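Predicted, not measured: the structure shown is a model, and the values here were computed from it. Note that the numbering runs from 1 along the sequence shown for the chain. Read the numbers this way: they start at 1 and go in the same order the structure lists the ligands and their atoms.
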Amino acid sequence: MTAKLAVLISGNGSNLQALIDATAAGILPAQIAVVVSNRRGAYGLERARRAQVPACYHPLKPYRDAGRSRAEYDADLAALVMEYAPDWIVLAGWMHILSDSFLRCFPGRVVNLHPALPGQFPGAHAIDDALAAFGRGEIGQTGVMVHLVPDERVDEGPPLATETVPIHRGDTHGTLAARIHTVEHRLLVDTLRKLITNNCQPQLATGH
Ligand code: GAR
């Protein structure tokens, strides 16, 4: 079984690269049908072009400038993605909250990757937030989760997979981010492989 993926990105796209590599190597039984970025300069767009994967840039600003709503932006994003008939929508560093006008088009089929454990550090600064909490002595580790996106909550939803990542004394954003990304690249591929082969259910407990 080969699944079609739509991968939404906003930046570097190292997780997209992990998906590209895993599909090319036959580790992930999937085809990346389209990559969409909301940022023109996202390096992930270049990664997609090099892999000869269709890539689109879908910016919010023209909508804002024209006084059009976020719901309209999301509805057009959904229409764009739907043209590629994906089985799964993968948010791999997509730094926009998706509203219901997108999510209702893909019920149970939107998967988000986030560099924190369930219930911890939602938003765009999870790694820095974890480092700060470590500095205050509140946590000794952070983690990574892959979860379903059922609604508009930020970085919340039924976890599909979680993995802890230790924080070391003297860690900087760079050292911790590198450790987290190594885990993310493996966990995202592994979780999608299980989803595609029907071997993955949302976790009832958080598992960390
Ligand atoms: C990843 O660490 C991902 O977990 C995070 O953005 C990064 C993208 O890296 N996502 C979030 O923070 C979502 N709230 P990449 O562009 O190198 O794949």
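For residues 89-101, the salt bridge (charged side-chain N to carboxylate O under 4.0 Å, His left out) pairs, not counting sequence neighbours, are D100-R104.
Residue contacts with ligand 1: N112 is placed with no nitrogen or oxygen under 3.5 Å of a nitrogen or oxygen of the ligand (distance criterion only). Not a single N or O atom of A124, backbone or side chain, sits closer than 3.5 Å to an N or O atom of ligand 1.
For atom 17 (O) of ligand 1, the closest non-hydrogen atom on the protein side is S14 OG, 2.6 Å. Nearest protein neighbour of atom 16 (O) of ligand 1, counting heavy atoms only, is G13 N, 2.7 Å.
Which of H96, M95, E184, H125 comes nearest to atom 6 (O) of ligand 1 through a heavy atom is settled by distance: it is M95.
Using modelled atom types and a 3.5 Å distance limit, the side chains of S14 and H185 yield a donor-acceptor pair.
Listed by atom number, the atoms of ligand 1 under 4.0 Å from G123 heavy atoms are 12 (O), 14 (N). The distance from ligand 1 to the heavy atoms of H114 drops below 4.0 Å at these ligand atoms: 4 (O), 11 (C), 12 (O), 13 (C), 14 (N). If you number the atoms of ligand 1 from 1 as listed, the ones under 4.0 Å from a heavy atom of G93 come out as 6 (O), 8 (C), 10 (N). Heavy-atom proximity to D155, at under 4.0 Å, picks out these atoms of ligand 1: 13 (C), 14 (N).
For R40, the CZ atom counts as loosely surrounded, since its 6.0 Å shell holds 12 or fewer non-hydrogen atoms of other residues, nucleotides or ligands. For NE2 of H168, the number of neighbouring non-hydrogen atoms (other residues, nucleotides, ligands) closer than 6.0 Å is greater than 12.
Not a single heavy atom of Q17 sits under 4.0 Å from any atom of ligand 1. Under the 4.0 angstrom criterion for non-hydrogen atoms, A116 is not in contact with ligand 1. Distances shorter than 4.0 angstrom occur between a heavy atom of P115 and an atom of ligand 1. Contact analysis leaves G44 out of contact with ligand 1, as no non-hydrogen atom separation drops below 4.0 angstrom.
Proximity of a side-chain donor or acceptor of R49 to a complementary backbone N or O of A55 within less than 3.5 Å is not detected. With T197 contributing its side chain and R193 its backbone, the two residues share a donor-acceptor pair below 3.5 Å.
Within the 4.0 Å heavy-atom criterion, both parts of N15, backbone and side chain, lie near ligand 1.
Between Y73 and H58, the ring planes are parallel. Angles under 30° get that label, and only those over 60° would be called perpendicular.
Here the shortest heavy-atom pairing between T191 and A161 reads OG1-CB, 3.3 Å. Taking all atoms of both residues into account, the shortest heavy-atom contact from I196 to P29 is CG2-O, 3.7 Å.
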